[in-house]
Structure formats: C-alpha cells, structure tokens
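Before any comments, here is the structure.
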Amino acid sequence: MGRVVLVTGAARHLGGLMVRSLVRDPSVDRVVGVDVVPPRRPLLGAEFVRADIRNPVIGRVLGSAGVDTVVHMGVIATPQQAGGRTAMKDINVIGTMQLLAACQKSESVRRLVVKSTSSVYGAGPRDPALFTEGMTPKHPPTSGWAKDSVEVEGYVRGFARRRPDVEVSILRLANVIGPRVETAMTAYFTLPIIPTVLGFDARLQFVHEDDAIAALHRAVTASATGVFNIAGDGVLALSQAVRRTGRPTLSVPGALLGVVGRALAPTRLVDFSNEQVRFLTYGRAIDTSRAQRELGFVTKRSTSAAFDEFLAGHDLSPGLVTGILDGAASLVSTRGAAHA
Amino acid sequence: MPDARIIPLDPSAHRAESVDAHSEEGFLDFLRRRLTGDYTVDDFGFDADLTDHVLIPPLRPLYERWFRVEVRGVENVPSTGGALIVANHSGTIALDSVMTQVALHDHHPAHRHLRMLGADLVFQTPFLSALARKAGHTLACMPDAERLLTSGELVGVWPEGFKGIGKPFSERYKLQRFGRGGFVSAALRARVPIIPTAIVGAEETYPKLGNIAPLARLLGLPYFPVTPTFPWLGPLGMIPLPSRWIIAFGEPVHTEDLAEEADDPMAVLELTDAVRERIQQSLYRLLVQRESTF
C-alpha cells in the first residue's frame, strides 16, 4: 500500500511545490494539503483541506485520511504573511503544538518531517564559520521567525521523546531563493536601493526552491532521521550578492539599518527586525555534510547558482556597470590599435 | 597607477605602450569581476582575488623597505597540505601576523595563503571584521581550526593573543602564557605538523611604555597604548618605528603519531610547552645574531 502524506502550509508557494512533488511520486497514494487560506493555484491530484492547524480539527483530518507521514511546512517567516506578529506567533507555535498533539494521538502517523531554518543558529561575531547540526548557537535568536523556529524544534524534540516509534526529521534550510519564491530576502534584494551594514560583509548561503523541495521529499522517503542542514554549496558575500543585482547600495551603521531600511521599503515584505539586522551584519553558513552522508542528499545548485537563478527570474543584472566597462574596454582597445 | 599612460616619443617605446595597454585590460577585467560580483569566496569568506590584488600589494613596501624582513627556514613550511604556524606575538598592534602572511605569500615557493585564527574582538569590529574575513582569517575556535587544517590550509596562530602584543616594552621577547593549548589539539586531530616560528623586530615597532586603562575601557579595547610617539604626535605617532625584522620558521613538530593524544590534556599541555620553549629559544638565538635593531 502506498503512503498518505499530509502537508501543512500547502497554500503557500513552497507548500504547493511540495504537494506537487509528492503527487508525482508513485510511492505516494494520497496527498492531503492543509492551510488556513485556500491555495492560489489548484493542487491537482491532491486533496486540500482548509483548516486552521491551531484548532483540534487537524486531528480528525489525520484520522480520517489515515495519514502516515506529516510534512510540517506551516511555520510562517514574516508577520505580513500572517496578518501581524501575534497571529504569526500563534500559527507558528500554537499551530505546531496542535499538530504535534494530533500526531501524538494518531495511530497511523509513522514519520514526521519538519521544515525549519538555519536561522535557529542565530548570527554573531563569535560564530564558527560553518555550523554543524550538533553545535549550540553562540548567539541564540531572540525574536521573530528564528525564535519561533527554535520553539518549534523544541516541541518537535519533545514529541520525538514521547513517540519514539515515529521517525522524525528536521531540515534546517538556508535562505530559500529562486525565480518564483517570495521571502524577506528576495524582497530585500529587489529593493531599488539596498541598505547594507557599514564595515561588515555577511556571508550568505542560499538553497534553490527546487532543491529545498527535493530535500524535503528525500526526507519523506529516506530511512535516515535526525536534524539535517540543507544549503547550496559555497557562500556569497553580501557585497558580492548585491553587486550581482546591479542595484545601488546604501551602507549605514548597523544600529541605523532598521530605520533606514524601513524608510526605503515601507510597504514591502522586507524584514529589518533586530534578528535580521544581526544576520545581515554577521551572516551565517552551515555545514551540509551530514545531509550528504546520511540522507544521501546533494543540492543541484550551489549558493551562487541559486542566487543567479533568482536574479534571472527577476530580471536583475549589473547591466549598467557591464555597459560602462564594455565602453572603457573598447576605448582601451581602439586606442591601443591607433597606437600600433 | 594602472591607468597611467606612457606617451611614446620614439618607436622603441612601443613595446612599453603595448604592455601598458595589456595591464589596462587586466585592470578592467579585475574591475569587471569585482563590480559584477563575479568571483568566489570560500566558506570562511576568504576572497583570494581581492587578497592577491588589493590587500597584499600595499603591505609590500612596508615589508620590503620599511621593516626589510628577512625570512629564514621557509623550507620548513610544506608546499601542500595543512600545517600550523605558531608564532610569538608583539608590537602593540598585530603587524607581525600580517607580515608573516606577506612572507608566506611572496617568499614561499608555493605562494601559500596564511589563514589566521583571530580574537573575538577582530570579528566584532566594523571594517576590521570584513577585512579579516576577506583576507582569509577566521575566529580562533576549535571547529574552524580543525576545518581549515583538515582541508589542507596553512593556519597561523598567535597563542599569546593580547597578552603578547599588549605587553610592556620592558618584557620584550619574553613569551607570555600560551592559552589553553587549543591549537595543539587542533593540529593533533588534523594530523598536521606544527611549525614553531620566531619573529624578531616587531617588538620595536611600537614600544609600549604605558597603558591608559580608563580610555581603553571607554573604547572597549584591551589596552590603550602609550609609546614614545603615540599619542603625543597624533596620527604621526601611528607610524611604526622602522625596525629590522627576522621571521624564522623552525623545524616542524610532527604529529602524525600523536592523534590519539588530542584528548589527553596532559599530553596537549606538554606539547604546548615544548612548542613555546622552542620559539623562546629561537628568539634568544636570533636576538644574539641580530646586528642592529634598526
């Protein structure tokens, strides 16, 4: 008998991609998507249940469909997506508690895959160059999505202790990027003027949206369990990434980044919380060797390639700079020819 | 200046002109890479392109003309694979580490990049933090040290830290305590040789006579140095004295057979002491051989 997979957060972009990816998998019989809001595009081949995971109703969905695998992607990254920080915190933390409570009661659930984020490692000057899964954060996150994710992981660990028969995987994804996904980081890199922190150059890592989905899918089908870092190979310096966009930058002292950033982007999805400012100051990179070794998962695109696909999707390029340099180069060569 | 042009006065000057145009093109290529973000940095943020073309060149006059650094025992540094350079630290600001980086880049046959392990303070400080990462340095912590060494990099540590560079001039060339020996366990685990290195000359660049502690506390610095010229001469006082330097790379201490001792604190501390002692002996020897300070 094939598997029955429940995906939370299915109405959003990544959740929708995950549902579609599972629908294409012949070893999966049924896919049930759950979210608070209806999906923007119909989830062909899957069932969709509009349910608030903050309500106990989720338990009935698990039971009636005979779900054996739960993929939890319902943690929201920015307050704008939820309609305020309070609602966001509710969906993230209370939602996860309800979901795990339902899983604990369920007799059919055998596997739980949780999409988490590398931001649980925090960001700061005393960080090692690369975080491995076992390291304790030197600067634990204190607010927002990162803090929610730390709490979510805590509840998941608690669940794993209470139901040792359920296989649990947590995937800590680097910033997901790509031509279509919309996140605080994609909004940041599409600002007309990009504010950066003066005197610091954060190391960034990205994972392409398709690679992120492939990793989560692998965690559904693989036998390995545990915590896995997922990121594209290599890192980009923030200054380097910004230059690839061709957009002008405005470097301001870290303490002013929040104010300047919010002034430059009053209505956008961009996040200039203290947590994000720390990230844009110190950056963060993760070691993905455990995922390669135990999960057998390697991202198809490096950090740099994933970022370039994002740029291509948004028609961003350092065109003006290239044009000026081309002009200068032709000037040099014609002058060289004239002298020869 | 790369864009400075030679105006040909006679046909024999044409060669110079074409070479010059070539370097203009090279410079434009470099500019293109930099301005469009088309270069790679490693996981630590090391930007080899920038280090070779922008960060090291301005240090060369300081290295060659000001300090007239003499390098000894460069053959003790392997051309490939991981190794750990351990050296004495002195001179109020850490010029000695930067000069060692230039020495290994310019005067080692394999032109090796030295990846240094730096203090927390470096990575908290604006500009210095970004500069240090781009030049290939990282925080002195066990995971980073092991990662660099096992991936075959040449790593530099100055285990005396601020105790070394901030010691008064009266204690010059007396090695301070060598931390907790973390660098030794990292080398043991990575099975790479330890190269005890002695640097003579850096002590005299900024003879630290005193310390204005309240000012240091105010600025969040480990000390606020008083030298014969600083702060009396203002910015002029920041010019280092032109002492003559010797950087001597000593015989490597091989660790291949000692890997299991990495978790034995006694063995680690003994080896730490042995390395310290070799650097101290080497310093005394070099000081006797040195003909003049300047």
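Values below: every heavy atom of this structure, side chains too, minus hydrogens, waters and symmetry copies. Everything quoted here is computed from the prediction, not taken from an experiment.
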field: Side chains of B:V41 and A:L236 in contact at under 4.5 Å (non-hydrogen atoms)
entry: no
message: Using a 4.5 Å heavy-atom cutoff, which residues in residues 283-298 of chain A come close to chain B?
response: A:D287
Student check: side-chain heavy atoms of B:L139 and A:D127 closer than 4.5 Å: no
message: Assess the residue pair B:L31 and A:L325 against the criterion (side chain to side chain contact (heavy atoms under 4.5 Å, CB included)); give the C-alpha distance rounded to whole Å, side-chain angles, the decisive distance to 0.1 Å, and a yes or no.
response: CA-CA 8 Å; B:L31 215 58; A:L325 286 168; 4.0 Å; yes
query: Is it the backbone or the side chain of B:R32 that comes under 4.5 Å from a heavy atom of chain A, or both, or neither?
result: both
query: So, do B:D42 and A:R203 sit near enough that their side-chain heavy atoms are less than 4.5 Å apart?
result: no
message: Counting neighbours of CE on A:M135 that are heavy atoms of other residues, nucleotides or ligands and sit closer than 6.0 Å, is the number greater than 12?
response: yes
- prompt: What's the spacing between A:F200 CZ and B:F127 CZ if we round to 0.5 Å?
  reply: 9.0 Å
field: Residues of residues 239-256 of chain A within contact distance of chain B, non-hydrogen under 4.5 Å
entry: A:S239, A:Q240, A:R243, A:R244
Proximity breakdown for B:T138 and chain A, heavy-atom pairs closer than 4.5 Å: side chain
query: Which region of A:T132, side chain (C-beta onward) or backbone (N, CA, C, O), has a non-hydrogen atom less than 4.5 Å from a non-hydrogen atom of chain B, or is it both or neither?
result: side chain
message: I'd like to know which of B:D120, B:L28, B:D43, B:V122 tops the heavy-atom pair count under 4.5 Å against chain A.
response: B:D43
Interatomic spacing from SG in B:C141 to CZ in A:R126 - rounded to 0.5 Å: 10.5 Å
task: Identify the heavy atoms of A:G199 and B:A130 that sit nearest to each other, and give their distance.
output: O-CB, 3.6 Å
task: Below 4.5 Å from any heavy atom of chain A, which atoms of B:D29 appear? Answer side chain, backbone, both or neither.
output: neither
Reported CG-to-CG distance for the pair A:L320 and B:L35, which is rounded to 0.5 angstrom: 11.0 Å
query: Would the number of heavy atoms belonging to other residues, nucleotides or ligands and lying under 6.0 Å from NZ of A:K138 be above 12?
result: no
message: I'd like to check A:D201 versus B:K134 (side-chain heavy atoms, cut-off strictly below 4.5 Å). Are they in contact?
response: yes
query: Which region of A:S304, side chain (C-beta onward) or backbone (N, CA, C, O), has a non-hydrogen atom less than 4.5 Å from a non-hydrogen atom of chain B, or is it both or neither?
result: neither
query: Does atom CD of A:E133 have more than 12 heavy-atom neighbours, drawn from other residues, nucleotides or ligands, at distances under 6.0 Å?
result: yes
query: Between B:D144 (side chain) and A:A129 (backbone), is there a donor-acceptor pair under 3.5 Å?
result: yes
